[in-house]
Amino acid sequence: MTTFPAGRKTRQAVLPQQPALESARADTPGSRDETARGHFADKRGTGRGHGRGETDGRGTRARRRHAEQAENRGGDAPRTRTGSGSHRVFVLSRDGLPLMPCHPARARALLARGRAAVAHRTPFTIRLKDRRRSEAEVSGVELRIDPGSRSAGFALTETRRQTSPDGRTVTVRRGLVAIELRHRGPQIHQAMVRRAGYRRRRRSALRYRPPRFLNRVRPPDWLAPSLRHRVDSVCSVVTRLRRYAPVVEIHIEENSFDIPALSAAEKTGALVGHARSRVRAGESCAYCGASGVPLNLDHIRARARGGTDRSANLLLACVPCNQEKAARSVEEFLAHRPERLAAVLSRLRSSLTDSAAMNATKARLLLLLEETNLPVRCWPASLTSANRATAGLAKSHTLDALCVGPVGSGANDTVVRAASPVYVFAATGRGSYARTTPDRYGFPRLLRPRRKRHHGFASGDLVRATVLKGRWTGVWTGRVSARSTGRHSVATPFGRFNASHEHLRLLQRADGFTYAWRGEDERVE
């Protein structure tokens, strides 16, 4: 199901944005607004202008607030407060080269006047018709990355030197674009486990065939598919951002985890891997509370469901409870005993899978980023935490990416702007290579078509459907699931319906991601 924000009977060609605030002067070719270098007030009062009180005869609200703060502190340097601003829109020149991102209102004004055209819908990008890269002022932006095991944060920022109300020069960082990338590593891992189970079942059900592990040669830099996906998806987003924005340098947070130190307290010695029946004095079954009976070593999360032999996943259970639970989840087994379930879940500790994944992918990610021929700088996580605390920001991947690297050398240098809302890129893949659909035992059940594109559409394409009659009458925007019959399924935020390919218009080809927006609560109250 798509998360593209389209409404009922919408004919809007661009993403919904805030009302325009810029004046007509910002539309002149010599203005610096198209390069996101500041918006000048139009003193003639044309257009909607500044009807919300952004400027007046005494200056901006921010200047008055800083002056009042400095006066209350006895003339000290004003303390910069971090706020949020509109998510910038990507801009391409006439020759297809990236320019500085602009304000959403500026993009709407350019589209309305015919000076720009929509080049890409997700992420939304416009292309100027009357300006080349050589004619524009492009200072460049920094790309900051906060990698993670399940998701990663990206922030396009610009650093400025500005003068405070008391005359001091400070360095500030402004966030222009914020992106959260959600990996699908767990889904890939589950698919690999399921495939291994199918193969193991076929070897034992038909005829015995020994495993071929010794026949498979892996290169020295081999990574598991779920780990390789994390690296490739980050590099894919970096490549895409370089195509839409003038990135001049890359800053990345470097994390290192000491796995032996984290797991030293969880070693179980000779008990690991053994489920021996025994009776312990004072011990009782963790599921039913029975004591004085033989107890087995049971896995809270069954090995068949990906559980490990770590002590955090082991407890003592009586033989009847152990057999009754089998491979079921503990939430399902103890659903009628909430007190016991809470006690068992409190024994669980955080898994080291995410820490191991970060250690395994760190070197490969840095190597691929260096191949971009851009300056790549690594910064410790402690610096990110200090910058986030100074700016008063909450904890999230996107805000951590905004705070990666030093802001400046001065005491008052800080982050003053966080982009909001946040783009959410969710990795979905480009389909499966399987030519058959298996049953629950792993045997082929039906054949899949070799062609992924039917009647000009492939699953995942962004389309606009025009329904003339019925319950879904109107114009809808969503993702399509292509079918060989030509009657495709269109998923919208309000539901799914079927439509003929003749009533669909292609907006954008599937690129392996789905896109959505989310808010950013950047301030810690």
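The residues of the chain are indexed from 1 along the displayed sequence. All values derive from a computational prediction rather than experimental measurement.
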Check: By ring-ring contact (aromatic ring centres under 6.0 Å, His included), which residues pair with His189, not counting sequence neighbours?
Finding: none
Checklist line | Residues which pass side-chain hydrogen bond (donor to acceptor under 3.5 Å, both in side chains) with Arg184, listed by chain and number, not counting sequence neighbours | finding: none
Notebook entry, point to check: Can you list the residues that meet the side chain to side chain contact (heavy atoms under 4.5 Å, CB included) rule with Thr436, with sequence neighbours excluded?
Noted result: Pro444, Leu447
Next item on the list: Verify whether one side chain among Ser233 and His183 offers a donor that lies under 3.5 Å from an acceptor in the other.
Entry: yes
Margin query: I'd like to check the side-chain hydrogen bond (donor to acceptor under 3.5 Å, both in side chains) partners of Lys325; sequence neighbours left out, ordered by chain and number.
Written below: none
Check: Any sub-3.5 Å donor-acceptor pair from Glu158's side-chain atoms to Val141's backbone N or O?
Finding: no
Next item on the list: Using side-chain hydrogen bond (donor to acceptor under 3.5 Å, both in side chains) as the criterion, list what pairs up with Thr361, not counting sequence neighbours.
Entry: none
Checklist line | Exam field: side chain Thr428 to backbone Gly512, donor-acceptor pair closer than 3.5 Å | finding: yes
Margin query: Check whether Arg518 reaches the backbone of Val422 with its side chain - one donor and one acceptor, N or O, closer than 3.5 Å.
Written below: no
Check: Can you check whether His454's main-chain N or O pairs, donor with acceptor, with Arg483's side chain at less than 3.5 Å?
Finding: no
Note to self: Taking salt bridge (Lys or Arg N to Asp or Glu O under 4.0 Å) as the definition, give me every residue that meets it alongside Arg388, ordered by chain and number, with sequence neighbours left out.
What the structure shows: Asp400
Next item on the list: Take atom CZ of Arg243 as the centre, draw a 6.0 Å sphere, and report whether it contains more than 12 heavy atoms from other residues, nucleotides or ligands.
Entry: yes
Check: Without hydrogens or angle criteria, can the side chains of Asn322 and Glu324 be said to hold a donor-acceptor pair below 3.5 Å?
Finding: no
Check: Among all residues two or more places apart in sequence or in another chain, which pass the side chain to side chain contact (heavy atoms under 4.5 Å, CB included) test with Ala327?
Finding: Ala302, Ala304
Notebook entry, point to check: Partners of Arg377 by side chain to side chain contact (heavy atoms under 4.5 Å, CB included), sequence neighbours excluded?
Noted result: Glu249, His251, Pro375, Trp379
Notebook entry, point to check: Which residues satisfy the side-chain hydrogen bond (donor to acceptor under 3.5 Å, both in side chains) test with Arg303, sequence neighbours excluded?
Noted result: Asp309
Notebook entry, point to check: Who are the side chain to side chain contact (heavy atoms under 4.5 Å, CB included) partners of Arg505, not counting sequence neighbours?
Noted result: Arg464, Leu507
Check: Checking Ser396 side chain against Leu399 main chain: does a donor-acceptor pair fall under 3.5 Å?
Finding: yes
Return all side-chain donor-acceptor pairs below 3.5 angstrom for residues 332-342, not counting sequence neighbours, or 'none' if the list is empty.
{"residue": "Arg337", "atom": "NH1", "partner": "Tyr287", "partner atom": "O", "Å": "2.7"}

Item checked: Qualifying salt bridge (charged side-chain N to carboxylate O under 4.0 Å, His left out) pairs, either residue in residues 508-517, two or more places apart -> Arg240-Asp511, Asp461-Arg509
